[in-house]
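All values below were derived from every heavy atom in this structure, side-chain atoms included, with hydrogens, water molecules and symmetry-related copies excluded.
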Amino acid sequence: SSEDNKNNKTAMLDALNGNMNSEFRAVLQYICHRISAKDQDVLLAESFKSAALDEMSHLLFFSDLINRHGGAPVFEEWKVDQSNSISTMLETDLRLEREARERYARQLELFHDYADVTTVLAQVLADETDHEETFQRYLDKRRP
């Protein structure tokens with residue numbers, strides 16, 4: 001029914017706004033981590049920077065989808081980890097990536113009627129999986 005379509009579209013726009021804000025948070029956190037880690041581990045710092053750039057692309061993808069589907073981006077406040085401990089940074093970032101991966105996998109099923117949305121979700125999900133694997137490798141190297 002048209003009421004179901006309207007509810008699904010509203011749910012999709014709400015999810016996209018949540019995604020955009022989660023990606024904003026990740027960008028800010030990864031930039032903080034890049035700055036904090038640079039003197040401790042240059043390669044990891046570059047991985048944080050690379051992930052931040054990916055996340056910036058993701059948030060723009062999501063904001064464009066919101067606009068394309070007649071919504072308006074709504075910004076939240078973003079709490080970010082500001083630790084100087086590389087292990088804490090990595091553990092916090094792994095949590096972010098796992099949460100994102102689970103959220104996007106759920107959304108792929110929920111919003112299958114929107115081909116443009118599922119295309120972006122699948123691409124972003126692949127990036128998040130790569131980030132998680134990268135961060136996990138760095139964390140594993142740090143553990144005895």
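A heavy-atom distance below 4.5 Å is found between the side chains of D41 and R142.
Looking at residues two or more places apart in sequence or on another chain, you find a ring pair (Phe, Tyr, Trp, His ring centres under 6.0 Å) between Y114 and H69. Contacts of L108 classified as side chain to side chain contact (heavy atoms under 4.5 Å, CB included), with partners at least two apart in sequence or in another chain: T118, L121, A122, L125. Residues that satisfy the side chain to side chain contact (heavy atoms under 4.5 Å, CB included) test with Q136, not counting sequence neighbours, are L94, R98, L139, D140, R143. Listed by chain and number, the residues in a side chain to side chain contact (heavy atoms under 4.5 Å, CB included) with D64 amount to none (sequence neighbours excluded). Residues meeting the side chain to side chain donor-acceptor pair (under 3.5 Å) test with S83, sequence neighbours left out: none. By the side chain to side chain contact (heavy atoms under 4.5 Å, CB included) test, K38 is found to be paired with R34, A45, residues two or more places apart in sequence or in another chain being considered.
For residues 69-79, there are no salt bridge (charged side-chain N to carboxylate O under 4.0 Å, His left out) pairs, not counting sequence neighbours. For residues 120-129, no residue pair satisfies the salt bridge (charged side-chain N to carboxylate O under 4.0 Å, His left out) rule, not counting sequence neighbours. Judged as a side chain to side chain donor-acceptor pair (under 3.5 Å), the pairs with a partner in residues 87-97 (not counting sequence neighbours) are, in order, Q29-D93, Y30-E97, H33-D93, S85-T88, E97-H131. The salt bridge (charged side-chain N to carboxylate O under 4.0 Å, His left out) contacts involving residues 100-124 comprise R68-D116, R101-E132, where partners must be two or more places apart or lie in separate chains. Listed by first and then second residue, the ring-ring contact (aromatic ring centres under 6.0 Å, His included) pairs that reach into residues 86-111 are F62-Y104, sequence neighbours excluded.
Counting all heavy atoms, side chain and backbone alike, S47 lies closest to T134 at OG-CG2, 4.0 Å. Here the closest heavy-atom approach between residue N21 and residue V74 is recorded as ND2-O, 2.7 Å. Minimum heavy-atom separation, L60 to S63: O-OG, 3.0 Å. Smallest separation of non-hydrogen atoms from N67 and P73: OD1-CD, 3.4 Å. For A52 against V27, the heavy-atom pair with the smallest separation is O-CG2, 3.6 Å. In terms of heavy-atom proximity, N84 sits nearest to S36 at OD1-OG, 3.3 Å.
Note on V42 and I86: separate hydrophobic clusters, where clusters join Ile, Leu, Val, Met, Phe, Trp and Tyr whose side-chain heavy atoms are under 4.5 Å apart, directly or indirectly. In the hydrophobic clustering of ILVMFWY residues, with side-chain heavy atoms under 4.5 Å counting as a link, F24 and L96 come out apart. Under the 4.5 Å side-chain heavy-atom criterion for ILVMFWY residues, a single connected hydrophobic cluster contains both L28 and F61. Linking ILVMFWY residues whenever their side-chain heavy atoms come closer than 4.5 Å, directly or via other members, places M20 and M56 in the same cluster.
Under the 3.5 Å distance criterion, the side-chain polar atoms of S50 are left unmatched by any main-chain donor or acceptor of E46.
In this structure, L53 CG and E55 CD are separated by 10.0 Å, a value rounded to the nearest 0.5 Å. Atom CG of residue L16 and atom CG of residue L59 lie 12.5 Å apart, to the nearest 0.5 angstrom. Remark: I35 CD1 to Q82 CD distance equals 10.5 Å, nearest 0.5 Å.
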Item to check | Intermediate values then yes/no, side chain to side chain contact (heavy atoms under 4.5 Å, CB included), L90 and L44 | outcome: CA-CA 10 Å; L90 288 166; L44 176 58; 3.9 Å; yes
